[in-house]
Trainee: 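Take a look at this one; I'll ask things after.
These figures come from a predicted structure and were not determined experimentally.
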Amino acid sequence: MSLLTPGGRRPETPQTPGTPDTPTNGPGPQGFSDRARWHVRSFLPVLAWLVAAAVVSVVHRFVPGSRWMLVHFLLLGAVSNAIVTWTWHFTGALVRRPASATETQHQVVRQILLNVGVVGVSAGVVGGQLRTTVAGAVVVGGVLAWHGVALGIRARRSLSNRFRRTITYYTAACLLLPVGAALGAFMAAGRSDEWQSRLVLAHLALNLLGFVGLTILGTLVTLWPTMLRTRLEEGSERTFAAVLPILLGAIVVTVAGSVLGLTWVVAAGLVLYAAGTVTLLIPLVRTAVRKPPWQFSTWSVGAGMVWLLVALGQLVWLVVRTPRVARVHDDLGLVVSSFAVGFVAQVLFGALSYLLPVMLGGGPAAVRHTTSITQRFGAWRVTVTSLGLLVCLLPVPSLVRVTASVLVLVALCLTPPLLVRAAVVAHRLRTHPELTRALPLPERRADGAPTPSHERERGRPLGGLVAGLAAVLLAVAGGVAMDPAAVFRSDAAGGVTPTGRTVDATVTAQGMRFTPDTVTVNPGDRLVITVTNTDADVHDLTLETGEQSGRLARGQSARMDVGVVGRSVEGWCSIVGHRQMGMVFHVRTTGGDDVAAAPGVAGALAGGGHGGHAAGGAASPKVDLHGTFPADFTARDATLPPAPAATLHRITLRAQDVDLPVGPGVTRRMWTFNGQTPGPAIRGKVGDRFEITLVNEGTIGHSIDFHAGALAPDGPMRTIQPGERLVYRFTATRSGIWMYHCSTMPMSVHIAAGMAGAVIIDPPGLPRVDKEYLVVQSELYLGAGSEPADAAKIAAHQPDAVVFNGTSGQYDARPLTAKVGERVRFWVLDVGPDEPTTFHVVGAQFDRAFKEGAWLLRAAPGEPDAPGGSQALDLGAAQGGFVEMTFPEAGHYPFVNHMMSRAESGAHGIVEVR
């Protein structure tokens, strides 16, 4: 019989004994009992780590190391907290001995230290701090070892109980975790590829199969029949006890095979573990046949156990077909997804959805009501999670995998809010007993007995199952609709007969090149490419057949299984501009021409991805040079404030991706400094010191270069990745208007995308004027899709527009202003990246001109203004200066780039003189 349904009775509401670790006082004016408050507090770390994992899954494409973070936030963060909490509770329930006050205090300390350790490991790995990683791993391992010993001691001090074997599972699981944590610390130290792969496989066996797997399997022997409201068949305890040595032996064999590099030993250990799992699950399956699952909790746990066997099968197949352990590591991604999402997440969510309402208590009616909250959309959630995950594991087009994974994420993310909702409702019912009395009574049979819940719910799951299936099919259809060419995209085989040979190619991304950039194989060979990024910038490798490495930060690697190759295949880095800079890759077959080329594929994808025109033929948006701005449009303020009196300038520049108007009716996602393009103007005097902090809040690597300072570029101008920062210090020793810009390659793309600005260092004795304006000329080369710039257009010198201060025509719609007789100074900077300017104000004459640090036109000291004048200030890219004038009468004075084709391309504005 089930322990949690004493005497084998089948209550309408699940009844569990109060946790022996906390008092079980009833409800009062404060709401929750001490027991319920204890469980709510214990649930908060689990919830926090689940939220963190969900956030990472949403932004994973823009976060280096996101795959590691996602897996470990779920398993090391959320699951470890849940295990520490619930093994302590179940141990108390199984041995029927309340914890002493000291034991309870120790449990609280363990939970706190566990989260400190998990934060340390996460911060150390993400930040590349080995000491922090090791320290965090030591804390986590020590806490779990302490917890396992505490569980064992607590069991030994209690009376004999046939369910004490469960605690043996818990103790064994907790003692395996420190070994797995130690292997994780060794991995963080950066071993050779061979040892790294061996350690990863051993780490997975100890932590997933050992710590998590043993805990779940040990718990299900009592929890599963309790959730089904029935008893476990007689004799199951003996089977349960006999399986633990088999599982432990299987883990030892798997770890030994991994460390020794013997794939056949690893496969044997995994098969033995699967056999032990099946043996343990047989009585649980028989129980489910006798009393079928009827709600989300049991469906989710059941689906999770199926996925455990699926993941074990995947791993066995991967090990069997891979001759070396070192190669297993490269293909573990999909297997880990099956373990983490299919097995662990579904079991965790199913168990929490059943246990939390019971622990919150409040009486049968309250528990029944809160349980109904956690079980909402149950069939839909389980169907979407399992079927969506299955789609992600299949060889489907990339966008289909994306849409399916988003749907799985939505289904998983429904559980935490429902659990929180249940806790809030339970608290409300306890504080307001009249609400509990108003809850509907359970349905009853003709004889007056309550109708069991599984009978009330019978038939309802079908609708959720159909809706879940429809949602997955719609997600697949949506992915196909976004990239229909992927469905018909030819693979690399080209109809050739496989030879059975595998060619392993190692490719390095460095300095805008792939090395080697060409791999030659015999027709019919299978090609596997391992790509490693050793560059400071982010790169990837995309093949025309659809395979992608994903974005790789410095030091990261990815393994791409191209499959059987029968024709030439082209590849490139899809980061904007990198392909045009020369990051191309070629797969060639011996014997010259393709054996069976895929017509139209290379042509259709030649401009695809981030480097050129969008896939599917999406055209770049056009700037309407003669359009009308909306009434609420605000132009960039061109007014230039005077230089501050301070001699030390501390400024923070944030690299940000921001949507900005670039012309009438056209908005683009630009790369900016502080959300504006050009970046904010910086002004000072000769001798001033500048301390600039660059914070990268963008999605790719960025850097900064200040022409106003003279220093070696090696350190301060280095590329930093998203989330990083650097401090750039220089002293202004020479006057002029200087350019600053992102210097990450391809530099032309970063500048054209908006990452440039002006530093004004006043010449000594600069006269005061009535009004100063700053005009920065740049070019727009609009990319397709979400790209701010098109590198191909830049290389061809074909700008979509030439603009002043980032937006075409903005000062026609919102003119600058001046008064008759006022002296107006225009500071002008050409940031390019390519086009020059000859700045001219129609109807005005310049009586002072300053260019590149030297006066071109001004009166001698003590003399009236010189009789000469100037009509244009000619500047090349990265040059600047200023001109001054007074307007003789009221009217509208256009200012333009007098290279007239560029003025007609958007480089114009108006000064309205009153």
Side-chain angles (χ1 to χ4, degrees), residues 45 48-50 52-53 55-57 59-60 63-81 83-84 109-148 174-208 210-212 255 258-259 329-330 332-333 336 339-340 344 532-534 536 538 552-558 696 720-725:
W49 287 110
L50 289 176
V55 171
V56 171
S57 67
V59 301
H60 70 280
V63 179
S66 59
R67 184 179 304 172
W68 184 96
M69 295 166 64
L70 181 59
V71 171
H72 287 77
F73 285 2
L74 172 63
L75 301 180
L76 186 60
V79 174
S80 292
N81 272 280
I83 287 176
V84 168
V109 171
R110 285 194 291 271
Q111 290 178 301
I112 294 173
L113 290 178
L114 173 64
N115 285 284
V116 171
V118 175
V119 170
V121 171
S122 303
V125 171
V126 174
Q129 301 296 320
L130 179 59
R131 292 183 178 178
T132 305
T133 303
V134 173
V138 169
V139 172
V140 171
V143 167
L144 268 300
W146 179 18
H147 186 68
C174 289
L175 294 180
L176 289 175
L177 190 278
V179 185
L183 294 183
F186 277 114
M187 289 158 51
R191 305 291 160 188
S192 65
D193 290 343
E194 177 74 27
W195 273 106
Q196 193 80 354
S197 299
R198 296 184 184 188
L199 293 177
V200 165
L201 198 53
H203 178 73
L204 182 148
L206 287 165
N207 289 2
L208 264 179
F211 175 57
V212 179
V255 172
S258 302
V259 174
H329 178 202
D330 299 324
L332 277 177
V336 171
F339 273 117
V344 178
T532 302
N533 182 16
T534 60
V538 174
L552 304 174
R554 184 171 189 169
Q556 290 185 326
S557 298
N696 190 351
I720 61 173
Q721 299 306 316
E724 297 180 348
R725 63 174 57 208

Trainee: Can any side-chain N or O of Asn533 pair as donor or acceptor with the backbone N or O of Gln556 at less than 3.5 Å?
Mentor: no
Trainee: Return each pair, listed once, that meets ring-ring contact (aromatic ring centres under 6.0 Å, His included) where at least one residue sits in residues 109-140; pairs must be two or more places apart or across chains.
Mentor: none
Trainee: Testing Asn115, Val118, Val116 for side-chain contact (heavy atoms from CB on, under 4.5 Å) with Val140, which one passes?
Mentor: Val118
Trainee: Tell me, do Ser80 and Leu75 make a side-chain contact under 4.5 Å, heavy atoms counted?
Mentor: no
Trainee: How far apart are the closest heavy atoms of Val255 and Leu206, and which atoms are they?
Mentor: CG2-CG, 3.6 Å
Trainee: Would you name the heavy atoms of His147 and Val84 that are closest together and state the gap between them?
Mentor: CE1-O, 3.4 Å
Trainee: Is a side-chain N or O of His203 found less than 3.5 angstrom from the main chain of Leu183, in a donor-acceptor match?
Mentor: no
Trainee: Is the closest side-chain heavy-atom distance between Ile83 and Phe211 below 4.5 Å?
Mentor: yes
Trainee: Is the shortest side-chain heavy-atom distance between Trp49 and Asn81 below 4.5 Å?
Mentor: yes
Trainee: With rounding to the nearest 0.5 Å, note down the distance linking OG in Ser258 to CG in Leu199.
Mentor: 9.0 Å
Trainee: Residues in side-chain hydrogen bond (donor to acceptor under 3.5 Å, both in side chains) with Ser122, at least two apart?
Mentor: none
Trainee: Which heavy atom in Val259 sits nearest to a heavy atom in Ala202, and how many Å separate them?
Mentor: CG2-CB, 4.3 Å
Trainee: Grab the two heavy atoms, one from Val121 and one from Thr133, that are nearest each other, plus how far apart they are.
Mentor: CG2-O, 3.9 Å
Trainee: Which heavy-atom pair separates Thr532 from Ser557 by the least distance, and what is that distance?
Mentor: OG1-OG, 2.8 Å
Trainee: Which distance, rounded to the nearest 0.5 Å, do you find between the CG of Asn696 and the CD of Gln721?
Mentor: 7.0 Å
Trainee: Return the minimal non-hydrogen interatomic distance between Leu177 and Gly141, and the atom names on each side.
Mentor: CD1-CA, 4.2 Å
Trainee: Within a strict 4.5 Å, meaning less than it, do heavy atoms of the Asn207 and Val212 side chains meet?
Mentor: no
Trainee: Can you tell me how far the CG atom of Leu144 sits from the CG atom of Leu114, to the nearest 0.5 Å?
Mentor: 6.0 Å
